[in-house]
Amino acid sequence: MSLFLSLPFGVYAQNMGADERKSMEKANYAGLKNPGNGVSAAGLNLPPEKMQWWEDQKFGMFIHWGLYAIPATGEWTMFNQKIPADEYAKLADQFKPKNFDANVWAKVAKDAGMKYMVMVSRHHDGFAMWNSAASYRHFDSWETAAHRDFVKEYTNACRKAGLKAGIYYSPLDWRFPGYFDPKGLPENAALMKKQTYGQVEELMKNYGKIDILWYDGGWLAHKGSDADAAWFWEPLKLNAMVRKYQPDIVINPRSGMVGDFETNEGGAAVKGPIIPIPWEKCLNLNGSSWGYNTTQNLMSLKDIITMLVNTVDRGGNMLLNIGPDPDGVIPPAHVARLKEVGTWLKKYGESIYATRPGPFQPVDGFYGATQKGNKVYIHIVKMPDGSSEINLPQIGKTVTSGKVLGGMPIKILHDQSGTRLVLTTDQLDPLCTTLELNVK
Ligand code: FHN
């Protein structure tokens, strides 16, 4: 039995602007959270040509690190355990990371084959990882025991390593009762909003070129969507200020404004058709929590590679999260797993980086393809039992030759039903078989 692929894929829609993307609001692209949802204004989203570098990256490191690493039960500890803000703030007295070195993080990312990083600058608990005059009560890593500007150290390390620098920022801050009742406590809510505008300005103004702004937590009182809270945050005003300092920064869709890309969060498998707009899958290497957690539930190498190729074959980037321990150290088992991913990408990265999806639709659970110039790459995560052939649909081009990427040629048969790729069993890789076809 051989796999028969669905109809050929049309032109990859690289030129969708924000308006077309808003029209996708009803689209049922698997896994995207509220695609195109949010307010928009001309000039606040990047044109497709300014997104191409971002779409080339494919693989990045997400980093959740802050006071919540100390209790080691995840970044929602303060809220989940109903710890009063003043009590929680005492953690800052203990937070003196002895072994934090952002250059080590950057090396782990590079060794994993990652091309960009997104570090949490402030999570919902309100603790800022930089010297923040705009922080309510100066609750930050400069004014407390650590006395360090971790955002400065991190952005410098990114650039030194040749990685794109992304910053995650949570507009919401659990320390403000007005967050939970913005209409009932408008003055307190306004204080929180003032902090957000002041802190975003600090992050955009004081740390050189920032490549990605990753908002998270626009939604009010943990209800509704980020777009539902646009009346409060006024994201068009906020991001107009962002663009003043960082005109080409790529902004995610969680400020209540339509983003420059869409997000799919969590460990659920990526399925369905190619998504014809920039999008990103973000998930946890350790499934227990985004922040450091002593409960280890690491993704297997097979799961990581499967998630990566399923994402890239549908046009997305994958942002894989790690949670360093209270000392700023990435757990050794996480480093080792990421190094295994890097080894795979050293061999097959040509089929991932700077490619675009297609030229045909993926087959859920079995395989998908990417393309670049006169090459088509096929990622086979599973062949049907006993099958060693793949039927290719008409892709409007002729397959002139093919091989296992980095390996031996494969047999190409052309007959009235189309083109068949015939592999030998020893050419199949249980992790993922990657083929390179030459087309013209
Ligand atoms: O509440 C956060 C959560 O702690 C984590 O930061 C994730 C990462 O994308 N975002 C929110 C949940 O969607």
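In listed order, ligands and their atoms are each counted from 1. This chain uses plain numbering: 1 for the first residue, then up along the sequence. Only this structure's heavy atoms are used, side chains among them; waters, hydrogens and symmetry mates stay out.
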**Student:** Name all residues meeting the side-chain contact (heavy atoms from CB on, under 4.5 Å) criterion together with Asp101; count only those two or more places apart in sequence or in a different chain, and write none if there are none.
**Tutor:** Asn103, Val104
**Student:** Considering only the protein, which heavy-atom contact is closest to atom 7 (C) of ligand 1, and what is its distance?
**Tutor:** Asp216 OD2, 3.5 Å
**Student:** Tell me which protein heavy atom sits closest to atom 12 (C) of ligand 1, plus the residue, atom name and distance to 0.1 Å.
**Tutor:**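 Of every protein heavy atom, Glu265 OE2, 3.3 Å lies nearest to atom 12 (C) of ligand 1.
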**Student:** Which one of Phe62, Tyr169, Tyr116 satisfies the ring pair (Phe, Tyr, Trp, His ring centres under 6.0 Å) criterion with Trp214?
**Tutor:**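 Between Trp214 and the candidates, ring pair (Phe, Tyr, Trp, His ring centres under 6.0 Å) is satisfied uniquely by Phe62.
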**Student:** Provide the number and element of each atom of ligand 1 under 4.0 Å from a heavy atom of Trp76.
**Tutor:** 1 (O), 2 (C), 3 (C), 4 (O)
**Student:** Could I get the full list of side-chain contact (heavy atoms from CB on, under 4.5 Å) partners for Asn156, not counting sequence neighbours?
**Tutor:**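 Here the qualifying residues are Lys152, Arg159.
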**Student:** Could you list which atoms of ligand 1 come closer than 4.0 Å to a heavy atom of His124?
**Tutor:** 1 (O), 2 (C)
**Student:** Please confirm whether the backbone N or O of Lys98 pairs with a side-chain atom of Asp327, one donor and one acceptor, at under 3.5 Å?
**Tutor:** yes
**Student:** May I ask you to list the atoms of ligand 1 that are less than 4.0 angstrom from any heavy atom of Glu75?
**Tutor:**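 The atoms of ligand 1 under 4.0 Å from a heavy atom of Glu75 are 3 (C), 4 (O), 5 (C).
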**Student:** Would you check if the distance from the ring center of Phe79 to the ring center of His222 is below 6.0 Å?
**Tutor:** yes
**Student:** Got more than 12 heavy atoms from elsewhere within 6.0 Å of NZ, Lys375?
**Tutor:**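 Above 12, so yes.
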**Student:** Report, in ascending order of atom number, the atoms of ligand 1 lying under 4.0 Å from any heavy atom of Trp214.
**Tutor:** 9 (O)
**Student:** With heavy atoms of Arg254 as the reference, note each atom of ligand 1 found under 4.0 Å away.
**Tutor:**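 That gives atoms 9 (O), 10 (N), 13 (O) of ligand 1.
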